[in-house]
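Residue numbers begin at 1 in each chain, while the letters A, B, ... track the order of the sequences.
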Amino acid sequence: MLLLQDIREQRAEIITRLKIKQVDATELIDKIIHLDDVRRESQQQMDALNARSNALAKEIGVLFKSGKATEANQLREQTSDLKTQSKEAEATMDQARREMEELLVLLPNLPHPSVPMGTSAEDNEIVFEEGKIPDLGSAALAHWDLVQQYRIIDFALGNKITGAGFPVYQGKGARLQRALINFFIDQAADAGYTEIQPPYLINAESGFGTGQLPDKDGQMYYIPEDDLYLIPTAEVPVTNLYRDVILKPRDLPVKHVAYSACFRREAGSYGKDVRGLNRLHQFDKVEIVQITEPEQSYPTLEEMREYVTGLLRKLELPFRIVKLCGGDISFTSAMTYDFEVFSAAQKRWLEVSSVSNFESFQANRMKLRIKDETGKMHPAHTLNGSALALPRIVAAILENNQTSEGIKIPDALIPYTGFDLIS
RNA sequence: GGAGAGAUGGCCGAGUGGUCGAAGGCGCACGCCUGGAAAGUGUGUAACCGCCAAAAGUGGUUCAUGGGUUCGAAUCCCAUUCUCUCCGCCA
């Protein structure tokens with residue numbers, strides 16, 4: 001959430017910067033400022049009226065105590081008018097505030113000045129590329145064929161018991177999932193991240209805090225009976241651990257890692273891009289979250305980028321890092337690096353991680369603040385990144401490592417799988 | 001799901017109609033003490049929204065949430081939410 005004060009003071013600059021995100025916020029911002037003007041005016045009225053009532057109430061109290069009932073009753077008559085006027089002013093103020101807040105949460109985060117202009121993924125900037133793309137020849141199979149051949153993931157079975165996008169992992173396929181999860185968590189723990197096991201259901205306040213609501217309402221599974229949402233990522237429960245929290249500088253940086261299943265409705269997705277493991281309604285992901293001082297958030301973003309880079313190197317997958325352009329960056333993010341691995345049989349890049357700096361956008365929504373030594377408050381910065389999401393990593397491992405003997409497991413994973421070949 | 005109890009500041013906890021934004025303690029900050037620390041000791045320590053160029057100052061709001069009674073509510077009434085205990089169910 002952008003701060004009202006900033007919107008008022010830097011109206012033109014904010015409008016310009018949001019254009020990088022392909023958003024014209026002029027009308028929205030002007031409405032917000034107008035509603036805030038209304039709110040302030042009615043608050044001033046209300047405050048003045050309340051001040052008078054408070055003073056009168058005090059006087060009346062004193063008069064009653066000293067036995068001057070007649071005078072007290074005279075004053076009492078004056079108060080009823082004040083009260084109704086104050087209620088009216090309050091109603092105006094509340095309504096203006098409510099309307100203003102509804103609009104305020106519709107404004108996306110400002111992109112970092114270095115975020116390139118652009119309308120789609122085409123305009124993203126490739127900032128790094130590494131690893132050898134294997135030449136598999138024409139006999140190479142896509143992962144949806146490989147998983148059938150080796151009987152490790154069954155899409156049809158998932159289809160039967162739940163529906164499309166809910167695969168069943170079995171045998172070495174299931175073991176590979178568990179190996180990857182443990183590998184990722186161990187790596188993060190070694191890098192100083194404290195492990196969290198979060199709930200998989202969240203309330204609306206949490207969805208609002210990290211920005212999924214109201215922007216992405218409809219992308220989360222919702223349970224009306226209990227008014228709860230299935231998490232689309234562990235980012236939501238983990239970051240919301242710090243909702244309404246005041247941190248001290250010595251608590252920082254906060255570093256958490258969490259494995260969770262993730263649930264996404266993916267409404268509107270279809271076609272070949274979603275085949276096999278490419279897009280699922282339920283998938284596994286290990287997420288890293290950091291909370292930092294504002295001036296530390298960009299160095300931290302680079303640190304997280306390096307960390308994810310290290311994971312992909314250990315898995316021996318060819319990958320590239322793209323810096324998302326304004327049109328492709330999310331509602332909440334100020335800057336995002338996407339990591340993509342090359343899937344040799346599909347011959348395409350698959351997004352496996354997204355590392356973002358939200359600056360104070362989530363912190364403002366969540367009231368996550370830092371109180372410094374002088375007692376002053378300022379919003380914290382939040383960041384997160386996938387480290388990593390499993391399905392496309394699995395797809396790339398299966399496709400890139402296929403041989404005539406079977407699928408070779410990367411060395412780093414063998415201690416976790418207990419086998420070096422799926423055959 | 002049934003019965004009962006409760007929700008107060010960063011935390012614990014007192015407070016049953018006015019002088020209560022709230023005792024006391026813990027924690028925290030600064031000082032004294034100390035070779036340094038601990039202990040001891042002194043002082044200070046809520047957030048939010050306005051007014052003011054800003055600081056100082058000042059008005060307002062906030063004792064789970066929303067409504068009500070009253071000149072005046074942490075305190076009384078109603079509703080809601082949540083927590084705890086017991087019972088039921090259960091991995």
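Across A74(B) and G67(B), the matching P atoms stand 15 Å from one another, rounded to whole Å. For the C1' atom pair drawn from C52(B) and A38(B), the interatomic distance equals 47 Å after rounding to whole Å. Separating the P atom of G1(B) from that of G9(B) is a span of 28 Å, rounded to the nearest Å. Spacing of C1' atoms, A64(B) relative to U83(B), comes out at 10 Å, to the nearest Å. A5(B) and G44(B) are spaced 41 Å apart, taking the P atom of each and rounding to whole Å. Atom P of G57(B) sits at a distance of 29 Å from the matching atom of G18(B), rounded to the whole Å. The same atom, P, is picked in G24(B) and in U45(B); the two are 12 Å apart, to the nearest Å. The separation of A91(B) from G13(B), taken at their C1' atoms, amounts to 37 Å, rounded to a whole angstrom.
Nucleotide A53(B) forms no Watson-Crick or G-U wobble pair with any nucleotide shown, as no partner meets the under 3.5 Å limit on both distances. Taking a pair to require two hydrogen-bonding distances under 3.5 Å in either a Watson-Crick or a G-U wobble arrangement, C89(B) remains unpaired. Summarising the base pairing, A73(B) is matched to no nucleotide, lacking a Watson-Crick or G-U wobble pair whose two defining distances lie under 3.5 Å. A 3.5 Å limit on both hydrogen-bonding distances identifies G4(B) as the Watson-Crick or G-U partner of C84(B). The nucleotide U61(B) finds its pairing partner in A47(B), both defining distances of the Watson-Crick or G-U wobble pair being shorter than 3.5 Å. Across all strands shown, G21(B) forms no Watson-Crick or G-U wobble pair with both key distances under 3.5 Å. Pairing partner, C26(B): G10(B), with both Watson-Crick or wobble hydrogen-bond distances short of 3.5 Å. Partner assigned to A37(B) is none, using Watson-Crick or G-U wobble distances below 3.5 angstrom.
When rounded to the nearest whole Å, the span between CD of E205(A) and P of U65(B) equals 14 Å. Y242(A) places its OH atom 17 Å from the P atom of G10(B), with the value rounded to the nearest Å. Atom CE of M93(A) and atom P of G59(B) are 18 Å apart (whole Å). Distance, R250(A) CZ to A29(B) C1': 11 Å, rounded to whole Å. Here the P atom of nucleotide A29(B) and the NZ atom of K376(A) are 20 Å apart, to the nearest Å. In this structure, D227(A) atom CG and U81(B) atom C1' are separated by 12 Å, rounded to whole Å. Rounded to an integer number of Å, the gap from K367(A) NZ to A47(B) P is 15 Å. Separating the CD atom of E101(A) from the C1' atom of C49(B) is a distance of 11 Å, rounded to the nearest angstrom.
A salt bridge links K255(A) with E303(A): the closest approach of a Lys/Arg side-chain nitrogen to an acidic carboxylate oxygen falls below 4.0 angstrom. A salt bridge links R8(A) with D36(A): at least one charged nitrogen is closer than 4.0 Å to a carboxylate oxygen. Using a cutoff of 4.0 Å between basic side-chain nitrogens and carboxylate oxygens, K323(A) and D338(A) are not scored as salt-bridged. Between R98(A) and E102(A) there is no salt bridge, since none of the side-chain N atoms of the basic residue sits less than 4.0 Å from a carboxylate O of the acidic one.
For D47(A) against G60(B), a side-chain-to-base donor-acceptor contact under 3.5 Å is absent. Looking at Q43(A), its side chain comes within 3.5 Å of the base of C49(B) through a donor and an acceptor atom.
Regarding contacts with the backbone of C49(B), every side-chain N or O of R39(A) stays at 4.0 angstrom or more from both OP1 and OP2. Dashed line: the shortest gap from a side-chain N or O of K87(A) to OP1 or OP2 of G67(B) is not under 4.0 Å. For G72(B), the OP1/OP2 oxygens have no side-chain nitrogen or oxygen of R76(A) closer than 4.0 Å. Residue N54(A) places at least one side-chain N or O closer than 4.0 Å to OP1 or OP2 of G60(B). Residue K83(A) places at least one side-chain N or O closer than 4.0 Å to OP1 or OP2 of G72(B). Residue N50(A) places at least one side-chain N or O under 4.0 Å from the OP1 or OP2 atom of U61(B).
Relative to the side chain of M377(A), the nucleotides C71(B), A47(B), G59(B) differ in distance, and A47(B) lies closest. Here the side chain of K371(A) is nearest to one of G59(B), A46(B), G50(B), namely A46(B).
As judged by a 4.0 angstrom heavy-atom cut-off over every strand, R97(A) is placed among residues making no nucleic acid contact.
With hydrogens and angles left out, the side-chain atoms of T210(A) and Q212(A) include a donor and acceptor closer than 3.5 Å. Between the side chains of T332(A) and N109(A), not a single donor N or O lies within less than 3.5 Å of an accepting N or O. A donor and an acceptor atom, one from each side chain of Q346(A) and N278(A), are located under 3.5 Å apart. No side-chain N or O of S343(A) forms a donor-acceptor pair with one of R392(A) less than 3.5 Å apart. T382(A) and Q362(A) share a side-chain donor-acceptor pair at under 3.5 Å. The closest side-chain donor-acceptor pair between E359(A) and Y298(A) falls under 3.5 angstrom.
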Hey, what are the protein-to-nucleotides 19-21 of chain B N/O distances that come in under 3.5 Å?
residue: U19(B); atom: O4; partner: K65(A); partner atom: NZ; Å: 2.8

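Residues G61(A) and T79(A) both approach RNA chain B. Their nearest nucleotides, taken by heavy-atom distance, put G61(A) toward the 5′ side. Judged by closest nucleotide on RNA chain B, R369(A) is the one of S53(A) and R369(A) placed further toward the 5' end.
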